[in-house]
Amino acid sequence: MIVCVAVVGHQNNPLYIQSFTEADDALKLHHIVHCSLDVVDERVNNPKKSSPTLNETFLGLLYPTENYKVYGYLTNTKVKLILVTTDLDVRDADVRNFFSKFHAAYVDAVSNPFHVPGKKITSRTFAERVSTIVKSFGLSSGS
C-alpha cells in the first residue's frame with residue numbers, strides 16, 4: 001500500500017507531498033521523503049557506483065526502513081518523484097508503471113499556464129489524478 005507520494009523540486013524544495021494513511025504520521029513521512037533526497041543526490045552525483053545508467057530516470061529502491069520502502073524517480077529537469085510504500089514485495093515493473101503515470105500527471109500539472117514554475121502544486125485536478133493512480137497501484141499484478 002502506498003502511504004506517501006511527493007514531488008520535490010530541483011533545489012530540494014517540496015512541491016507536493018500527499019500521505020494516504022489514516023494515522024497522523026504526515027511529519028514522519030515528510031522526514032522519510034526528506035531523507036531520501038540524500039540517497040537521490042548520491043546516486044545522481046556518483047553514477048559509477050550505482051547500477052542505473054545516466055539516462056535512466058527510474059532510480060529504483062532508494063532505501064528500506066523497518067516499516068517502509070522508498071522508491072525514487074528523477075525527471076529530466078531534476079525534479080524528484082518519491083514513493084513511500086508499506087509493501088515489502090513490490091515488483092519493479094509496478095513501480096515503474098506508477099512512476100510513468102505519476103510523471104505524466106506532474107507534466108500535465110506544470111504545463112498549466114497558471115502554474116508558476118518552482119512553486120507548490122495546488123491543482124485539485126492533479127491531487128485527484130494522483131489519488132486515482134495511487135488507488136490503482138498494484139491492481140494489475142492480481143494481488
Hydrophobic clustering (ILVMFWY, side-chain heavy atoms < 4.5 Å, transitive) - are [Y] and [X] grouped together?
| X | Y | result |
| --- | --- | --- |
| Ile17 | Val70 | no |
| Tyr63 | Val3 | yes |
| Met1 | Leu29 | yes |

Quick one: does [X]'s side chain get under 4.5 Å of [Y]'s, heavy atoms only?
| X | Y | answer |
| --- | --- | --- |
| Tyr73 | Val40 | no |
| Lys80 | Asn12 | yes |
| Val8 | Val79 | no |
| Arg43 | Val39 | yes |
| Tyr106 | Phe126 | yes |
| Leu83 | Ile2 | yes |
| Phe102 | Val7 | yes |
| Val5 | Val84 | no |

Test item: [X] side-chain N/O and [Y] main-chain N/O as donor-acceptor pair under 3.5 Å:
| X | Y | value |
| --- | --- | --- |
| Thr86 | Tyr68 | no |
| Ser131 | Ala127 | no |
| Thr85 | Asp87 | yes |
| Asn45 | Asp41 | yes |

Quiz item: Shortest non-hydrogen contact from Asn13 to Gly118?
Solution: ND2-O, 3.3 Å

With rounding to the nearest 0.5 Å, note down the distance linking [atom1] in [X] to [atom2] in [Y].
| X | Y | atom1 | atom2 | result |
| --- | --- | --- | --- | --- |
| Ser19 | Ile32 | OG | CD1 | 11.0 Å |
| Arg96 | Thr57 | CZ | OG1 | 8.0 Å |
| Lys101 | Phe137 | NZ | CZ | 10.0 Å |
| His103 | Asp108 | NE2 | CG | 10.0 Å |
| Ile82 | Ser36 | CD1 | OG | 3.5 Å |
| His10 | Leu74 | NE2 | CG | 12.0 Å |

Quiz prompt | Polar contact flag, side-chain donor to acceptor under 3.5 angstrom, Thr75-Thr77 | solution = yes

Quiz item: For atom NE2 of His115, is the number of surrounding heavy atoms from other residues, nucleotides or ligands below 6.0 Å larger than 12?
Solution: yes

Quiz item: Would you call the rings of Phe99 and Phe58 parallel, tilted or perpendicular if under 30° counts as parallel and over 60° as perpendicular?
Solution: tilted

